[in-house]
Amino acid sequence: MDIRDAVEADAERLAELTASPQDVMRNLVHDRTVRVAADDGEIQGFVSYDAREDTVHVTQLEGSAAVRDRLLEEPIRFATAEGMTVELLVPEDESGTRESAEDAGFEHAGGGPTFEGQPTVRYRLEPGSQ
């Protein structure tokens, strides 16, 4: 599996993975750091994140369990190099994403905000804690 930076041409596939409009995914590619996991040229998943102050915020994580696990390494590596923490909000009903976060060393840090009526759980990882 190859991990690379997303480009605007990836917006169609990212939209398929998220059931979001292509223009939203195109904006995501421009506004955040987006890394895609590709196998034989086919995008299998992606992670988007941005850094503010002393925290890297993972904003989206899509793909199978193995793909999510691999993609989470990207923001963690960045945060570790910069001495930052990493935060991830996970909808309560996404048990697979919660498992990926916990497998990567994230700890439950309480409830998060509600998005479109869906409660979230906040996960946090401190550099060097894994």
Side-chain angles (χ1 to χ4, degrees):
M1 181 178 331
D2 296 320
I3 306 296
R4 64 170 173 78
D5 288 328
V7 295
E8 190 171 307
D10 296 329
E12 181 177 357
R13 177 65 178 138
L14 302 184
E16 290 173 7
L17 290 169
T18 60
S20 298
Q22 283 187 41
D23 61 332
V24 170
M25 292 296 103
R26 196 172 300 108
N27 289 339
L28 182 75
V29 169
H30 290 290
D31 296 341
R32 304 259 191 283
T33 299
V34 182
R35 305 278 288 158
V36 298
D39 194 15
D40 292 326
E42 175 76 22
I43 294 174
Q44 302 297 316
F46 73 96
V47 64
S48 62
Y49 58 95
D50 63 352
R52 286 177 282 156
E53 298 174 21
D54 61 349
T55 305
V56 174
H57 298 273
V58 177
T59 57
Q60 280 191 277
L61 180 63
E62 299 290 336
S64 68
V67 170
R68 286 190 313 264
D69 291 349
R70 175 59 186 90
L71 286 168
L72 270 177
E73 294 173 9
E74 298 297 311
I76 293 170
R77 184 180 0 269
F78 177 83
T80 300
E82 298 298 322
M84 303 171 84
T85 59
V86 186
E87 283 196 358
L88 169 65
L89 294 176
V90 181
E92 279 186 350
D93 64 353
E94 287 188 21
S95 60
T97 303
R98 285 197 321 266
E99 289 173 14
S100 292
E102 291 167 2
D103 289 348
F106 283 80
E107 294 183 4
H108 184 271
T114 299
F115 292 113
E116 298 178 355
Q118 175 69 33
T120 62
V121 178
R122 184 180 310 274
Y123 283 89
R124 188 171 180 88
L125 178 70
E126 301 287 336
S129 68
Q130 27 177 356

query = Do Val36 and Leu14 have side chains that get closer than 4.5 Å, going by heavy atoms?
reply = yes
inquiry  = Is the shortest side-chain heavy-atom distance between Met25 and Phe46 below 4.5 Å?
reply    = yes
message = Could you report the tightest heavy-atom contact between Pro113 and Thr120, atom names first, then the distance?
response = O-OG1, 2.5 Å
message = For a 4.5 angstrom cut-off between non-hydrogen side-chain atoms, does His108 reach Tyr123?
response = yes
request  = Kindly indicate, with the supporting measurements, whether the criterion side chain to side chain donor-acceptor pair (under 3.5 Å) is fulfilled by Ser48 and Arg32.
outcome  = CA-CA 6 Å; Ser48 62; Arg32 304 259 191 283; 5.4 Å; no
key: Min side-chain heavy-atom separation Pro21-Arg26 under 4.5 Å   = no
ask   = Taking C-beta and beyond as the side chain, do Arg98 and Glu94 meet within less than 4.5 Å on heavy atoms?
value = no
query = Judged by atom type as modelled, is there a donor-acceptor pair below 3.5 Å linking the side chain of Asn27 to the main-chain atoms of Val24?
reply = no
ask   = Would you call Arg124 and Glu87 a salt bridge, using N to O less than 4.0 angstrom?
value = yes
key: Contact check, side chains of Leu17 and Gln60, non-hydrogen atoms, under 4.5 Å   = no
query = Does one hydrophobic cluster hold both Val86 and Leu88, with members joined at side-chain heavy-atom distances below 4.5 Å?
reply = yes
ask   = Transitively linked via ILVMFWY side-chain contacts under 4.5 Å: Leu72 with Val67?
value = yes
ask   = Does the Arg13 side chain pair with the main chain of Ile43, one donor and one acceptor, at a distance under 3.5 Å?
value = yes
Nearest non-hydrogen partners of Phe115 and Leu89, listed with the distance = CE1-CD1, 3.8 Å
ask   = For Asp93, does the CG atom have more than 12 heavy-atom neighbours from other residues, nucleotides or ligands under 6.0 Å away?
value = yes
task = May I ask whether Leu61 and Phe106 are part of the same hydrophobic cluster, defined by side-chain heavy atoms of I, L, V, M, F, W, Y residues being less than 4.5 angstrom apart, directly or through others?
result = yes
